[in-house]
Each structure stands twice: as structure tokens, then as C-alpha cells.
Amino acid sequence: MRKGWPPSSRTGHRSSVGSRARCQHCFHTPLFSSFSLAFRSIPDMNANLFALFESRFPADRTACCIETHDGLYYSWDDLDRATAKLANLLASLHLPEGARVAVQVEKSPEALFLYLATLRAGYVYLPLNTAYQEAEIDYFVGNAEPSVVVCSSKNFGWVSKVAFRHGVNHVFTLDDDRSGSLLSRAAGKPDAFETVARQDDDLAAILYTSGTTGRSKGAMLTHRNLASNAQTLHEFWGWRSDDVLLHMLPIFHVHGLFVASHGALLAGAKMIWAPRLDMAQVLKFLPRCTVMMGVPTYYVRMLQEPRFDDDTCRRMRLFVSGSAPLLLETFDAFRERTGHTILERYGMSETVMLVSNPYDAALGERIGGTVGMPLPGVSVRVVDGEGQPCTPGEIGNVEVKGPNVFKGYWRMPEKTREEFTEDGWFKTGDVGRFGGAIASQAGERAVPDNYLTIVGRSKDLIISGGYNVYPKEIESFIDEMPGVAESAVIGVPHADFGEAVVAVVVRKPGADIDEAALIGTLKGRIANFKVPKRVHVVDELPRNTMGKVQKNVLREQFAVL
Ligand code: MCA
Ligand code: AMP
């Protein structure tokens, strides 16, 4: 393994951060020992999430914090200095209070450092899916009005145009090979930085979640939301300093950026960092790991790999699944193959994690098909259409309250009000029940009354491979296409992605609609995971007496891809 922090750095060698033809690891200037003494006292009074992480850095800062799939090694010292340099760069830009830093880059340790540096400098992080294309980025930048945009060099041409059009003054590049203008500019900055003081209620991040109607909404998450959830999960999932996390998730969503990374950072545990789900790397790295997190597709694909077995998992203590429903058959097959019981949990961009199956057997067993019990400090209820609590076994709307629940939608006070009840519960849009029974191959089994089962969604949402797709957004793109009278977008079962996006299109009289051409056009306009895998052309859409499209009828009719 190549040492991320070259010995020359210890003798005070300085280099320009991020240049390609240099030493393996780029952030190094002399140690500031007095600085470490000064900032250690901050966590007591500073609600900045980064201050919490700092307070948990291991005593041995030379220990490995991140090992990459291609053999790089980053110590906790490296993380400290890299984030300090980047925070100093951000601070030198004299951004306004609460400035947003919008980031659409490939996964790399430096991308994680940029997130942490944004927190450290007191600004607000806005991660963007790498699959988003120009129309999508244009909306996010226009809506969030970031002060800084960071993109990969291959996209600089179009992203910078979008950013400048919206008045952004600072556009940097960051690539997954430690190159780009962001690191070059940070290279000359000091590698010490006093973490900016933040209040509990100050914004730490904005995560865009697509809307059932209209455009995406930015969920505003505070330092308290993230810190409280990270601490709760730390306890509830029994994180340890000798854990090794296999991190294969993308880092532009709650699951990979917050749940997985925060867990390791708070525990002072090591991460093995891979850019994406890759079976060869699972087989190579998992035997050295103790924790892994994934969306259900990860577990489906692991089971498809014949060489994946109990020996691959010999050091593992915890597999976590979430972001989409884990099929009971996957849960059972995984246990049978590996002897490990996947822990399924349930979360949202607006609430981070709210419910989880237990890690500690004293609290109960992990029950497949359920998402477990409300996390400590989080209140969850299931209510009927009138807002009255449902009895155990009765299905209703899931609502949540707690320190994890977001502050509201960015610049959408009306939408925020609609999504909360008068007494302050957030309406998740998910439908579920406490208790009741789960049907399994072995017959029905009773579920304890404090376990939640998600049975559906009141919101019109498709979750494909862990990514959310809102039909309305895709329908509006299709409806604008020549020859299209109207469309309905549905999710159908998919063995790999859980659900797949399918479009049902009504053609205008005399028009000819070609499935491949329609898909091709969409691929140029929206993120690939949102593009329908199939398009069916019909004469009319089924409607109920109120004139509403009966998507359940379409889901049945076009269930087979
Ligand atoms: C890729 N494709 C997809 C998806 N991913 N299509 C539908 N749904 C997807 N999720 C497209 C590709 O662009 C390609 O299209 C084709 O499908 C095959 O790609 P493939 O190589 O098989 O895909 P992959 O690169 O292996 O990616 C699949 C994946 C990935 C590993 C499941 O999507 C992934 O990492 N998903 C994780 C999402 C995630 O982190 N969600 C957390 C959200 P073409 O052939 O046309 O080029 S956070 C959240 O939901 C909450 C808060 C929570 O509770 O965690
Ligand atoms: P997001 O908008 O990306 O935050 O996605 C949140 C949604 O993902 C939730 O409202 C649920 O519909 C879904 N979700 C997350 N975890 C689970 C799970 N374990 N089971 C079922 N649905 C889930």
C-alpha cells in the first residue's frame, strides 16, 4: 500500500496540493502542535458537526483513516490537514454567512474532505448526484444560489456556464485522481484551521429530494440533525474504534455521506473506500472489514456472486441495508449463505435515520420485512386519514418527530407547512404499521408492537436501486416531446434494482412514437437512473371516476419488463 503522507512531509517539505505529477498524497505542511491543543476544547461549546468529529479523532493520528481501493492510505492527520487547507481556501473567498457549496464530483477521499471542510468553515454543503445533467444542475444551482460550485474537469465546460449564468463567482474542479483547481488553490493555504463555531440550528447541508408535484425541494439539515443522528447510530449499532467499514456507496446522498461516513468518523474507525459497488472489490476487501452498508441491490448482487460466502464475511459484525425495501427472500438467502442477519433500517433525506432493527440482541431480534423500532430519542407514529393513532396491526401514515427532523424546505415555507402536522410531526409520505404479522415462507409470524413495517407509499415515488425517481418529473419531460399527448410513469418490480421505471405513453392522433428514440432523447436530458427501461405506447390511460390515472392498473398490465 502506498503511504498517503510521504516521509518528506515530516521534514517540512511543501508541495502544491493536487498536482498530478507529485508525491502520492498531497496535503502536507509542518505540524502545528499548539493548534491541536487549542481546538480540542471547542467541542464543549461548538455545535459544529466537524467539532464533534474532531473530538473523536483517535489518539494516534498516524493511524489509517481511509484506505482506498487502489492502495492509497490517509491518516487522521491527513484528514485534519486536508480539511484545514480546504477550509482555509473557502474562508479566503469571503463568502456570505450561510453560503452554499454545491458539489458534483466523483467519489474520492478528497471529495469527503471537501464536505468536512465546508462544515469546518461553517458553510452549507450541497451534494449533487453525478448522474445529473444540465437541466437538473441548472435547476439546483438556480434554486440554491450557491456561492461556490465544484465539479469534475470533464464537466467544467457546461457546469461553469450554468454556474456563471446564475451569478456564482467561484467554480473549481476536483477529480478522483487528486487533481483539479480546488486542490491546487488549497495547496498554498495553511494546514491548520480553527473550526468555525456553529449553533445547533445552523444549516450544515441541503439535500435535494424530488417533489411529488413540481420541482425538487431542498431539505435543510442542521448541525444538530446530523450530530444527534450520528451519535444515536453510534450507540445503537455498537460502533467501535477497531471497526473497518467497507464504503462502496455514493457520497452524494444520506446513506453514503452521512450514515456510513459519519459512523466511521465518530468511531475513529477506518474506512476502506471504493468508488462504487464492485464484486471483485467486495471479495478482495470484505474479509478485512467488520461493517458494510448498502442499498438492497448490493445484497442482491452479492448473492449472485458464487464466490461470496461465509468465509468472505469472516470478520464482519454488521451488514446494514436501507434506502429501499429489502425483500424477505434476500434477507433469508443472505442469512443462509453467510450466517449474518442483515440489519434493515429506514430513513429519509428530511429525517436522516428514524427507525432501525436492533444491533443489540437484548433489544430484540432483527426481523426481515420490518424496518425495526424507532431510534432512541426519535418518536414515530402511525396515524389514519384523520390523524388519529392506529392500533397495532392497523395500516396508516408514518409520521416522525425528533432532533433528527430537518428544519424545512429551502425557500419553500408553504411546502414545509404542508408537510408538518399542526402539532409538529413530519409526514413521511410512507405507509406502514406497527406490529401485525409478516408473511414468510415458513408461514405468518407475529411482529412485536414496537416494530415498524413499511407497506407502501402515499407519495408517488419509485425507488430504483436506492435512487428516488418522482414520476411527475419524468412525465413532464415526456409530455413535452413531439407526438406525445400524455404519459404516466410507473415503477414495476425489477430483480436487480427492486423497482424499474417504465413509461406508458399516449400518442397524439396520427403520431408515431419510437420507444428507442424516446429513451435516447431522455438519456440526453435527465440522469440515467431516471430514464424508463421500457416505454409502452397506448391509445388511452385508464382513469377512475374522478379522472385520475389508475397507476395500479398500469402497474399490473405492464408488470413484466
Ligand atoms: C445505474 N443505472 C440505474 C441505476 N444505477 N438504473 C436505475 N436505477 C439505478 N439505481 C443505470 C445505468 O446508468 C446503466 O444505464 C444501467 O442502469 C446499468 O448500470 P449498472 O452498471 O448495472 O449500474 P451500477 O453502476 O452497478 O449502479 C447500480 C447501483 C447504483 C450500484 C445500485 O445505482 C447505486 O450505487 N445505488 C445506490 C444509491 C444510493 O446510495 N441511495 C441512497 C439514497 P445504461 O445501460 O442505460 O447506461 S439515500 C436514501 O435513500 C435514504 C435517506 C436512506 O434511507 O438511505
Ligand atoms: P430519500 O428521499 O432519498 O430520502 O428517500 C426516502 C425514502 O426512501 C423513504 O421515504 C422511504 O420511502 C424509502 N426508504 C428508505 N429506507 C427504506 C426501507 N428500509 N424500506 C422501505 N423504504 C425505505
Side-chain angles (χ1 to χ4, degrees), residues 107 127 129-131 133 207-212 216-217 219 221 229 233 247-260 274-279 282 293-302 304 320-328 330-331 342-357 368-372 397-400 404 406 419 426-432 452-470 491 494-502 516 519-520 522-524 526-533 561:
K107 184 175 174 183
N129 193 318
T130 47
Q133 306 218 26
L207 263 70
Y208 273 86
T209 76
S210 306
T212 38
S216 290
K217 304 160 289 181
L221 292 160
N229 211 240
L233 294 178
H247 195 307
M248 290 198 147
L249 283 159
I251 54 165
F252 39 70
H253 282 306
V254 162
H255 201 160
L257 185 63
F258 300 153
V259 185
R276 61 187 60 80
L277 176 65
D278 177 320
M279 271 318 125
V282 170
M293 300 189 189
V295 303
T297 304
Y298 284 39
Y299 296 105
V300 169
R301 291 196 187 173
M302 281 155 85
Q304 280 164 359
V320 176
S321 175
S323 310
L326 180 74
L327 291 181
L328 200 50
T330 310
F331 176 88
I342 298 173
L343 180 156
E344 184 171 6
R345 74 356 171 238
Y346 158 56
M348 291 185 75
S349 298
E350 289 92 334
T351 67
V352 212
M353 298 300 103
L354 57 154
V355 174
S356 171
N357 270 281
T370 81
V371 288
N397 300 313
V398 180
E399 297 183 346
V400 55
N404 55 314
F406 75 136
E419 301 299 329
F426 174 64
K427 304 174 197 167
T428 64
D430 292 308
V431 175
L452 183 72
T453 302
I454 303 292
V455 299
R457 304 172 196 131
S458 61
K459 53 195 175 191
D460 194 8
L461 164 71
I462 301 165
I463 305 185
S464 175
Y467 288 138
N468 290 4
V469 182
Y470 274 92
H494 190 275
D496 187 33
F497 293 135
E499 284 182 287
V501 178
V502 166
I519 288 177
L522 280 175
K523 277 193 174 175
I526 53 175
N528 226 355
F529 66 87
K530 298 180 189 172
V531 175
K533 304 285 182 213
L561 263 193

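Here the structure is a predicted model, which means the values were calculated and not measured. Keep in mind that the numbers below use all heavy atoms, side chains included, and drop hydrogens, waters and symmetry copies. Atoms within each ligand, like the ligands themselves, are counted from 1 in listed order.
Residue Ala324 places a heavy atom under 4.0 Å from ligand 2. Under the 4.0 angstrom criterion for non-hydrogen atoms, Pro250 is in contact with ligand 1. The shell of residues lying under 4.0 angstrom from ligand 1, judged by heavy atoms, includes Ser349. For the pair Met248 and ligand 1, no heavy-atom separation below 4.0 Å is found.
Scanning the protein for heavy atoms near atom 14 (C) of ligand 1, the closest one is Asn528 ND2, 4.4 Å. Atom 31 (C) of ligand 1 has as its closest protein heavy atom Tyr298 CE1, 3.8 Å. Protein heavy atom in closest approach to atom 21 (C) of ligand 2: Pro325 N, 3.5 Å. The closest protein non-hydrogen atom to atom 1 (C) of ligand 1 is Phe497 CZ, 4.2 Å. Looking only at protein heavy atoms, the nearest one to atom 30 (C) of ligand 1 is Tyr467 CE1, 4.2 Å. Ranking protein heavy atoms by distance to atom 12 (O) of ligand 2, first place goes to Asp430 OD1, 2.6 Å. Here the protein heavy atom with the shortest distance to atom 6 (C) of ligand 2 is Gly347 O, 3.5 Å. Closest to atom 16 (N) of ligand 2 among all protein heavy atoms lies Ser323 N, 3.1 Å. Considering only non-hydrogen protein atoms, atom 9 (C) of ligand 1 sits nearest to Ser464 O, 3.5 Å. Scanning the protein for heavy atoms near atom 54 (O) of ligand 1, the closest one is Arg345 NH1, 2.7 Å. What sits closest to atom 17 (O) of ligand 1 on the protein, heavy atoms only, is Lys533 NZ, 3.3 Å. With hydrogens left out, the protein atom closest to atom 50 (O) of ligand 1 is Ser323 CB, 3.3 Å, a heavy atom.
To the nearest 0.5 Å, atoms CG (Leu257) and CD1 (Ile251) are separated by 6.5 Å. Note that CZ of Phe529 and CD1 of Ile462 are 11.5 Å apart. Values are rounded to the nearest 0.5 Å.
Every N/O-N/O distance between Thr209 and ligand 2 stays at or above 3.5 Å. For the pair Gly466 and ligand 1, the shortest N or O to N or O distance falls below 3.5 Å. The distance criterion of under 3.5 Å between nitrogen or oxygen atoms is met by Arg345 with respect to ligand 2. At under 3.5 Å, a nitrogen or oxygen of Lys523, whether backbone or side chain, sits near a nitrogen or oxygen of ligand 1. Considering both main-chain and side-chain atoms, Thr428 never comes within under 3.5 Å of ligand 2 through any nitrogen or oxygen pair. Between His253 and ligand 1, no N or O atom pair is found at a separation short of 3.5 Å. Every N/O-N/O distance between Asp496 and ligand 1 stays at or above 3.5 Å. Distances between N or O atoms of Gly465 and those of ligand 1 include at least one value under 3.5 Å. Annotation: Asn468 places an N or O atom under 3.5 Å from an N or O atom of ligand 2; distance criterion only.
Residue contact check: Lys459 has heavy atoms under 4.0 Å from atoms 9 (C), 10 (O), 12 (O) of ligand 2. Within ligand 2, the atoms closer than 4.0 Å to a non-hydrogen atom of Met348 are 4 (O), 6 (C), 9 (C), 10 (O), numbered from 1 in the order shown.
By the criterion of a heavy-atom distance under 4.0 Å, neither the backbone nor the side chain of Tyr346 is placed next to ligand 1. Using a 4.0 Å cut-off between heavy atoms, Ser321 makes no contact with ligand 2 at all. Residue contacts with ligand 2, taken as heavy atom pairs separated by less than 4.0 Å, involve Ile463 solely via side-chain atoms from C-beta onward. Proximity of Ser349 to ligand 2, defined as any heavy-atom pair under 4.0 Å, is shared by backbone and side chain alike. In His253, neither the side chain nor the backbone holds a heavy atom less than 4.0 Å from any atom of ligand 2.
With a 4.5 Å cut-off on side-chain heavy atoms, Phe426 and Glu350 count as touching. Within the 4.5 Å cutoff, the side chain of Val352 has heavy atoms near those of the Leu221 side chain. Contact annotation: the side chain of Phe497 approaches that of Ser464 to within less than 4.5 Å [non-hydrogen atoms, C-beta and beyond]. Looking at Leu452 and Leu354, their side chains never come closer than 4.5 Å, going by heavy atoms from C-beta outward.
A donor-acceptor distance shorter than 3.5 angstrom exists from the side chain of Tyr298 to the backbone of Met248, with no hydrogens or angles considered. Looking only at distances, a side-chain donor or acceptor of Thr297 sits under 3.5 Å from a matching main-chain atom of Asp496. A distance-only check finds a donor-acceptor pair linking the side chain of Ser458 to the backbone of Gly429 [under 3.5 Å]. Distance alone, capped at 3.5 Å, is enough to place a donor-acceptor pair between the Lys459 side chain and the Thr428 backbone. The backbone N or O of Lys523 lies less than 3.5 Å from a partner atom in the side chain of Gln133, making a donor-acceptor pair.
Between the side chains of Lys107 and His247, a donor-acceptor pair is found at a separation under 3.5 Å.
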**Message:** Please evaluate residues Arg457 and Glu499 with respect to the criterion salt bridge (charged side-chain N to carboxylate O under 4.0 Å, His left out), reporting the C-alpha separation (whole Å), side-chain torsions for both, the decisive distance (0.1 Å), and the verdict.
**Reply:** CA-CA 13 Å; Arg457 304 172 196 131; Glu499 284 182 287; 3.1 Å; yes
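Two rings, from His253 and Phe258, have their centers 6.0 Å or more apart. Aromatic pair Tyr299/Phe331: centroids not less than 6.0 angstrom apart.
Listed here is the closest heavy atom pair of Val501 and Val531: CB-O, 4.4 Å. Closest approach of Pro296 to Gly322, counting heavy atoms only: CD-O, 3.5 Å. Closest non-hydrogen pair, Ser349 versus Ala219, comes out as O-CB, 4.3 Å.
Proximity of atom 19 (O) of ligand 1 to the protein is not indicated, since no non-hydrogen protein atom lies closer than 4.0 angstrom. Checking atom 36 (N) of ligand 1 against the protein gives a heavy-atom contact under 4.0 Å. Per-atom contact check: atom 25 (O) of ligand 1 does not touch the protein, criterion being a heavy-atom distance below 4.0 Å.
Of the listed residues (Asn357, Thr453, Thr351, Val355), just one forms a side chain to side chain contact (heavy atoms under 4.5 Å, CB included) with Tyr346, and that residue is Val355.
Residues satisfying the side chain to side chain donor-acceptor pair (under 3.5 Å) criterion with Asp278, sequence neighbours excluded, are absent altogether.
Taking only non-hydrogen atoms, the option from Arg301, Arg276, Met293, Lys530 nearest to atom 28 (C) of ligand 1 is Arg301.
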